[in-house]
Every structure is written in C-alpha cells, then in structure tokens.
> 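Below you'll find the structure I mean.
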There are 2 protein chains.
Amino acid sequence: LVKLDGVERHYQMGTSTVRALDGVDLEIRRGDHWAIMGRSGSGKSTMLNLLGCLDRPTGGEYYLGGTPVSTLDDDALSEIRGERIGFVFQSFNLIPQLTVLENLEVPLFYQGGAPAVARKRAEELAARVGLDDRLDHRPPELSGGQQQRVAIARSLINDPLIVLADEATGNLDSNTEMEILELLDDLAKEGKTIILVTHAEEVAERARKILILVDGKVDRIIENSDH
Amino acid sequence: LVKLDGVERHYQMGTSTVRALDGVDLEIRRGDHWAIMGRSGSGKSTMLNLLGCLDRPTGGEYYLGGTPVSTLDDDALSEIRGERIGFVFQSFNLIPQLTVLENLEVPLFYQGGAPAVARKRAEELAARVGLDDRLDHRPPELSGGQQQRVAIARSLINDPLIVLADEATGNLDSNTEMEILELLDDLAKEGKTIILVTHAEEVAERARKILILVDGKVDRIIENSDH
Ligand SMILES: Nc1ncnc2c1ncn2[C@@H]1O[C@H](COP(=O)(O)OP(=O)(O)OP(=O)(O)O)[C@@H](O)[C@H]1O
Ligand SMILES: Nc1ncnc2c1ncn2[C@@H]1O[C@H](COP(=O)(O)OP(=O)(O)OP(=O)(O)O)[C@@H](O)[C@H]1O
Ligand SMILES: [Mg+2]
Ligand SMILES: [Mg+2]
C-alpha cells in the first residue's frame with residue numbers, strides 16, 4: 001500500500017542543513033498496524049506528514065498504491081487526503097471559530113455530503129470519543145484532551161482507508177486513552193491501515209510492528225509476536 | 001503559600017452551567033511538590049490557571065501568600081505572574097514569529113533585564129533542556145517535543161518561586177522526559193514550589209503529594225511516602 005524508497009526531507013537553515021529524514025526505506029501493507037517511536041526531534045512527525053501527503057520528500061520517492069506521489073499534482077494529493085487518509089495532528093489543528101459539531105462536519109461537506117447525513121455521522125463519532133455533551137462548545141472552550149478527541153473523531157469522519165495519528169493520546173488520562181485505543185483496534189479489525197506515532201509503551205505494544213527512528217533513519221523494526 | 005477556599009469556576013453556556021471547578025479546598029505549602037491528576041475534562045488546567053493568576057474564580061477565594069487575589073487588580077496580578085510564577089501551558093503558547101532564543105528572552109525584557117544578561121540566561125536554559133542546536137529556529141520549525149521544551153525553559157527564565165506545568169512531558173520520549181523530570185526535581189530541591197498536572201504515572205510518582213480531581217472537586221490526596 002505504501003512504500004518509502006530512500007526518502008529524505010531536508011531543511012536548509014542558512015548555511016546548515018537539517019536532515020529531518022535522512023534516507024528511509026519502508027514498506028507498509030494494507031491492514032497493517034504500526035507504531036512509530038523515537039526521540040523528540042528524530043523525524044516521526046516529518047515521516048507521518050509525508051505518509052499523509054501533507055508534505056513532499058526532498059529526496060527519494062514515496063509510492064502510494066503503486067503510484068509515485070511525485071507525479072501527482074497538489075489537487076490530486078488533496079483529493080487523496082480528503083477521501084483516503086485520516087490525520088490526527090500533534091497540535092490538533094481545529095478551527096477555533098466553529099463548534100465541535102461543525103469541526104467534525106467540515107470534511108464531509110468537502111466530499112459533497114448531504115447536511116443531514118453529515119450531522120448524524122458527526123454526532124455518532126463525537127459520542128464514540130465521549131464528547132456528546134460538548135457538541136456546541138468551540139475549541140477554546142474545551143480541555144486539551146477534549147480537543148485531542150475532536151481531532152481523533154474528525155480524522156475518522158470520512159471513513160478513511162489509512163489512519164495516521166501523531167501522539168493521539170498524549171493529553172488523555174489512562175481510562176480515556178484506553179477507550180481511544182480500543183476504538184483504534186476496532187478500526188484495525190475492520191481492515192483499515194493504522195499508523196500511530198507515539199512515545200507511550202501502552203500504545204506501541206498494541207501495534208503489530210514498531211518502527212524505531214533515530215536521527216531521521218530507521219534504526220530497527222520490532223515485530224510484536226502476540227498478534 | 002497558596003490556599004483555595006471553596007473555589008469555583010463556572011461557565012455559562014446558554015441555559016446550562018459548566019462547573020469546571022465546583023468547590024475546591026486546598027492548601028499548598030512553600031517548597032511542596034504536587035502532581036494533579038484526573039480524567040480529561042475534570043478541571044486540572046482550570047485549577048492550574050487559577051493558581052497561576054491567569055484566571056479568577058467565579059466563587060470562593062484564592063489566597064496567595066496570605067493575600068486574597070480578589071483584592072488585587074489586573075496589573076498587580078500581572079506583576080506577580082511575571083516575577084514569581086513560571087507557567088508551562090498545555091498548548092505551549094510560544095510566539096511563532098520569534099526564534100527560540102527570542103522566545104526565552106521576552107519575559108526577561110519585561111522584568112527590565114539587561115540584554116547581554118538575558119541572552120546568556122536564555123542560552124543556559126536552552127542548553128539545559130537540550131535545545132542548544134535549535135536557538136535560531138522558530139516554533140513552526142521545531143518538533144512538538146522541542147516546542148514543549150522551549151515552553152519549559154521559558155517558564156524558568158525569571159527564576160520563579162512557583163513552577164506550574166500543564167502536561168509538560170506529554171510530547172517527550174521517555175529519555176528526554178527523564179531529563180526534564182530530573183531538572184524539575186533539582187528545582188524542587190532548591191526550594192521552589194512545583195505543581196505538575198499530569199496523566200503519567202512516572203511523573204506523578206516523583207511528587208510528594210498527588211491530588212486527584214473528579215468532576216471539578218478534590219476526590220482525594222495521596223501522600224507519596226518514599227520522599
Ligand atoms: N471557556 C470555557 N467554556 C465552557 N466550558 C469550558 C471552558 N473551558 C473549559 N471548559 C470545560 O471545563 C471542563 C474542565 O476543563 P479543563 O481544561 O480544566 O480540563 P482538564 O482536566 O485540564 O482536561 P484535560 O486532561 O483534557 O486537559 C471541561 O469539561 C471543559 O469542557
Ligand atoms: N520547518 C523546519 N525547518 C527546519 N527544521 C525543521 C522544520 N521542521 C522540523 N524540523 C526539524 O526536523 C527534526 C524532526 O522534526 P519532527 O517534528 O519530525 O520530530 P519528531 O520526531 O516528531 O519529534 P517530537 O517527538 O518532539 O514530536 C527536528 O529536529 C526539527 O527541529
Ligand atoms: Mg512530533
Ligand atoms: Mg488540561
């Protein structure tokens with residue numbers, strides 16, 4: 001489903017170069033459940049942004065379903081993101097002027113959904129992440145963990161094939177985190193491809209494969225044998 | 001040092017009232033090291049904002065060093081915050097247009113610090129949180145955990161009496177988190193008062209007292225006996 005071939009993502013900072021990703025080879029199959037771990041600054045969010053078509057490599061090639069992403073223009077990438085990929089950002093990226101319900105419906109309107117259908121789906125997902133009593137609140141009126149759960153629900157609203165989540169439970173107490181992890185496990189059982197960046201052992205141990213990033217390179221891949 | 005007496009923080013949402021804090025009694029002594037835990041939405045950030053004089057109760061009274069905060073005007077509160085309190089926000093609140101170094105220096109300029117002294121102190125704290133190679137980066141050019149560490153360093157720049165940190169290690173791998181926790185332990189040994197909101201066991205177990213919030217009320221206080 002996804003292939004990274006010698007992928008690099010460099011930033012030019014004056015005379016020095018930051019090598020956020022520095023030559024990554026990786027294959028991810030349909031229905032896989034991965035955790036990506038590594039030190040702060042090791043390149044995890046950079047890798048997830050590339051996988052989610054939010055960014056392009058500065059070197060190497062990224063294949064999505066066999067197609068090299070470098071041959072796709074920005075409109076095509078935007079369409080793939082809207083229909084196939086659900087993304088939970090490390091900093092949530094909610095729209096502060098819209099309510100929880102409106103934040104959830106926005107991606108459905110972009111896909112041409114009927115308002116009544118969109119509203120119903122938004123209410124169902126809000127309930128699934130425990131926010132049915134916060135539908136009229138706006139992001140500044142929510143706790144950090146509530147905002148994070150809106151971001152999670154929003155990533156699922158278009159029923160994506162691939163769910164990419166960047167530290168999706170860092171602001172949640174262990175009980176709430178467990179509910180979210182069980183939700184993600186259910187999605188994995190439905191056949192979705194799940195890729196979670198995480199610092200937390202309890203999140204990584206539920207994945208089938210764990211990728212360890214060190215200084216922008218794949219250091220090793222651990223197979224979780226109890227799956 | 002700090003006393004909460006029947007403290008309430010209510011929000012009026014149309015016809016319903018959100019009781020973020022719903023009657024909190026608490027005494028915190030100088031040099032204490034507390035962890036505040038509780039479900040997502042239970043009122044932890046609300047409590048920390050009140051303790052940090054960033055917000056005022058809607059009911060009850062908050063005493064800081066014996067003075068009821070309700071008798072202090074906004075300028076007086078602002079001065080206390082600037083000189084005595086270091087605050088790490090759950091969402092960092094860095095200034096995106098300024099570099100790491102400039103973000104760290106800003107609070108020192110408000111306190112009338114000389115530029116050369118301010119720059120030296122900013123460099124020292126950046127090094128202490130492992131960011132001495134990111135001084136010229138701006139927040140959008142940093143990883144999540146790097147931004148969090150800038151926020152931590154900034155909270156310490158004025159050598160505050162009280163350090164209030166809201167989920168200060170949620171975006172850090174366990175090694176980097178350990179460095180930050182050791183830094184906070186050092187500050188506790190220096191006699192600073194440390195109050196950490198956290199979801200993480202490994203953070204809470206280093207505190208001397210753990211407060212558990214449930215639905216805006218103190219449910220129980222646990223004394224960590226191995227201190
Ligand atoms: N401006 C506001 N208007 C209305 N309700 C609010 C507002 N700010 C916070 N709340 C509500 O107050 C409650 C407590 O919020 P708070 O941010 O203190 O929670 P928290 O314990 O820090 O949660 P988390 O662990 O998710 O960060 C939440 O249910 C939240 O929805
Ligand atoms: N726009 C940019 N310009 C320059 N350097 C950048 C930029 N964005 C990221 N970086 C650098 O690239 C490196 C990797 O960043 P990335 O956000 O992928 O780390 P991460 O593994 O997600 O870290 P964390 O666990 O702290 O979130 C970091 O050292 C960061 O400073
Ligand atoms: Mg990151
Ligand atoms: Mg909070």
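Keep in mind the model is a prediction, meaning the values are calculated, not measured. The sequence lines fix the lettering, A, B, ..., with proteins before strands; numbering per chain opens at 1.
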> Using non-hydrogen atoms only, which part of B/Q146 is less than 4.5 Å away from chain A: side chain, backbone, both, or neither?
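B/Q146 touches chain A through backbone and side-chain heavy atoms alike.
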
> With respect to chain A, which residue among B/M37, B/R149, B/R134 yields the maximal number of heavy-atom pairs within a distance under 4.5 Å?
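Top count of heavy-atom pairs under 4.5 Å with chain A: B/R149.
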
> Taking all non-hydrogen atoms of both residues into account, name the closest pair between B/N171 and A/H199 and its distance.
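Shortest heavy-atom separation between B/N171 and A/H199 comes out as O-NE2, 3.0 Å.
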
> Please rank A/S40, A/S143, A/G41 by heavy-atom pairs under 4.5 Å with chain B and give me the top one.
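If we count pairs closer than 4.5 Å to chain B, A/S40 comes out on top.
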
> Nearest 0.5 Å, please: how far is CG in A/L213 from CG in B/D173?
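Answer for the CG-CG pair, B/D173 versus A/L213, is 12.0 Å.
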
> Is the CG atom of A/D215 crowded by more than 12 outside heavy atoms at less than 6.0 Å?
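Not buried by this count: 12 neighbours or fewer within 6.0 Å.
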
> Output the option from A/E177, A/E201, A/H137 having the highest count of non-hydrogen pairs under 4.5 Å with chain B.
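Looking at each option in turn, the highest pair count goes to A/H137.
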
> Would one find more than 12 heavy atoms of other residues, nucleotides or ligands at under 6.0 Å from atom CG of B/D185?
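Yes, enclosed.
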
> Do B/R39 and A/T176 make a side-chain contact, defined as non-hydrogen atoms from C-beta onward lying under 4.5 Å apart?
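B/R39 vs A/T176: side chains touch.
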
> Check each atom of A/Q148 against the heavy atoms of chain B and say whether the ones under 4.5 Å are side chain, backbone, both or neither.
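Answer is neither: A/Q148 stays 4.5 Å or more from chain B.
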
> With a 6.0 Å cut-off (strictly less than), is the heavy-atom count around CZ of B/R84, excluding the residue itself, greater than 12?
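It does not: B/R84 CZ has 12 such atoms or fewer within range.
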
